[in-house]
Amino acid sequence: MSDLISIKNEITKLDEKKDRRLRAAAVALPIGLSVVPATILFVLSFIFGTTPPVAFLFLVSALITLIGGLIIGGAGSIGTLMYRSKWLKEVRERAALNGIKAKDVEWFSNEMKTEEKLALKEIKSKNLLLADAYQETLASRLTATRIVKSTKKELLFAKRRQNKLKYLKSAKVEDFKKEIDRDISNLSKIKLEADEMLVEAASRLQMIEAASRRGTELAGNEMALKKLTARAEQLPLALEAAKMEEENRREIVQEIEAEFDKSENIESLEE
């Protein structure tokens, strides 16, 4: 089952093709709607502009078409880029569910540091094996960073719900408090492991950069890389499982709150 989910969440050739088309459309729209028709009208002014008024009419039409096409094409290009930005965010979120893969690192370039981009480009030009190791470690670093941010957010929500339960009166409140405490504990463990993975990945990135500058290999470090890769694949799944439990618990707490409010309203009416 997890293998099927992993395949479903991977970035496919269709995603790559769609991204290329969206980028091409963003560039082509202003040109296609302004320069091309304006050029055609300009050429036609020489062919059919036998008299000055006719030639002037073609030239004015070409100018109006150029300006109007630039405005409409520019608006279309901006709309396309906005849609692409939203779509890319969805693709990244989907791909990150099972841990970011080395082959997908370029899709997360907006989350990479400038020095990481430069280092990856430099290492690729020198040593492809080291470049593969750098990409793999960079994928782990990106995954760890995402998990740290996500767990911080989930921990904040869990603690808020924990505080809200203090004011509820229900037979099940104590059970929910225990469950939320367990969720907070699980999320804290995930965050701690993600923090450790982040430190390991950052250290390994520096090692690979140093090895690239010295022109040496990273013999004997394969196990460390495998460990990072395994964490990058397992932690997102653990975080998603914790999120699902939190979501279910949130719905139950909301139901209890609704029942509590309802009982309070009935008591006030009776009084």
Does the pair [X]/[Y] count as a salt bridge with the N-to-O cut at 4.0 Å?
| X | Y | value |
| --- | --- | --- |
| Asp15 | Arg94 | yes |
| Glu193 | Lys189 | no |
| Arg146 | Glu93 | yes |
| Glu136 | Lys101 | no |

Can you confirm whether [X] is buried at [atom1], in the sense that more than 12 heavy atoms of other residues, nucleotides or ligands lie under 6.0 Å from that atom?
| X | atom1 | result |
| --- | --- | --- |
| Glu16 | CD | yes |
| Lys126 | NZ | yes |
| Lys153 | NZ | no |

Spacing of Tyr134 atom OH and Met207 atom CE [to the nearest 0.5 Å] =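 Here the rounded value is 13.0 Å.
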Between the side chain of [X] and the main-chain N/O of [Y], is any donor-acceptor distance below 3.5 Å?
| X | Y | result |
| --- | --- | --- |
| Glu90 | Trp87 | no |
| Thr137 | Arg204 | no |
| Ser85 | Leu81 | no |

query = Going by atom types only, do Thr80 and Arg84 share a side-chain donor-acceptor pair under 3.5 Å?
reply = no
